[in-house]
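These notes are about the structure you will find just below.
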Amino acid sequence: MISDPHEAEFQALIDSDQRIEPRDWMPDGYRRSLIRQIAQHAHSEIIGMQPEGNWITRAPSLRRKAILMAKVQDEAGHGLYLYCAAETLGVDRAELIDLLHQGRQKYSSIFNYPTLTWADVGAIGWLVDGAAITNQIPLCRCSFGPYARAMVRVCKEESFHQRQGFESLYALSHGTPEQHEMAQDAVNRWWWPSVEMLGPPDTESTHSAQSMAWGIKRFSNDELRQRFVDMVAPQAVVLGLTPPDPELRWNEDRGHYDFGEPDFEELRRVVSGDGPCNRQRAAHHLAAHDEGAWVRAAAAAYAAKHPATSAAA
Ligand SMILES: [Fe+2]
Ligand SMILES: [Fe+2]
């Protein structure tokens, strides 16, 4: 029974599938939960630039380099939309970056794996951006307006990312035997972390039930995982590559693919800081942030000198 009139109004908006806007009253828990989720999402976009950025200077052709640069730049843009969406909830972007640097806010564990060969760029586009889309499409209907609207644009770009990853991996898979082997090796390494990227199993997911009630999350982790596998399993056949899951097969009765149990113990380990690249990713971000201090100072000084221009912008 909801006695607070604010809360009743809030719940009525959620129940009628309307959007909550920054000016609307919202429960503290809703605000906190969204700040945590949007910040984690923003950090993931920004940290996610590192594994692929690693290959920009070594892309095999000018065309591939231009595509990869555009993709990595898109991820920076996603980070910016999301930090802006978080700011509408009353936090400051600098505050969120500090929390990331202190290890008090997380980013997606998938970005703590190394990119060992060029084929990893294709595998990331196909699998990691694929898992991201699976997760993000329902967020376009999330109950918080600024987050939902940011997601619409992000999803359009993510779907382009997934196609370019698929195309890049297809070219390698159908190239020389060495290139095919490189593509297969990348899929062997990225498959399970991508399946795990949809989060812990429903039985262990701590935030899910409340997020579903608030219309932030629309489908459970396991539902999203099934959706992801159903999307990429047939694509692997077209690619001519074999996912490293002996239990992966079409189940006629269920109308879905069956698949093996992901190693959630590994996911927990990587999430809690013990993945192959956790320390490297955090140190790199901190160093880049420190090196960029003069740019932020210069921009702030310019804005202070030209208040009319910055107000118009
Ligand atoms: Fe992105
Ligand atoms: Fe992406």
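Numbers here simply count residues along the sequence, with the first being 1. Scope of the values below: all heavy atoms of this structure, side chains included, with no hydrogens, waters or symmetry mates.
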_E21 atom CD, neighbour heavy-atom count above 12 within 6.0 Å_ = yes
### Y83 ring center within less than 6.0 Å of H43 ring center
yes
* To do: Please say whether more than 12 non-hydrogen atoms of neighbouring residues, nucleotides or ligands are located less than 6.0 Å from CE in M212.
  => yes
Problem - Parallel, tilted or perpendicular: rings of W126 and W191 (30°, 60°) - result: tilted
Sorted by chain and residue number, the side-chain contact (heavy atoms from CB on, under 4.5 Å) partners of R153 (sequence neighbours excluded) come out as Y81, E157
Strictly under 6.0 Å, is that where the ring centroids of F10 and H6 end up?
no
Residues P200 and E204: closest non-hydrogen pair is CB-CB, 4.4 Å
Note to self: Counting only heavy atoms not in E252 (residues, nucleotides, ligands), do more than 12 fall under 6.0 Å from its CD?
What the structure shows: no
Next item on the list: Describe, in one word, how the ring planes of H41 and Y147 are oriented to each other, choosing from parallel (under 30°), tilted (30 to 60°) and perpendicular (over 60°).
Entry: perpendicular
Are I46 and L139 in one and the same hydrophobic cluster, where Ile, Leu, Val, Met, Phe, Trp and Tyr link if side-chain heavy atoms are under 4.5 Å apart? yes
Contacts satisfying ring-ring contact (aromatic ring centres under 6.0 Å, His included) that involve residues 252-277 (not counting sequence neighbours) are W250-Y257
Notebook entry, point to check: Do P201 and N221 have side chains that get closer than 4.5 Å, going by heavy atoms?
Noted result: no
Discussion item. Surrounding CD of E223 (heavy atoms of other residues, nucleotides or ligands, distance under 6.0 Å), is the total greater than 12?
Written reply: yes
- Can you find a pair of side-chain heavy atoms, one from E7 and one from M26, that are under 4.5 Å apart? no
Those residues at least two apart in sequence (or on a different chain) that pass ring-ring contact (aromatic ring centres under 6.0 Å, His included) with Y170 are H174
Smallest heavy-atom separation, N278 atom then Y107 atom, equals O-OH, 3.8 Å
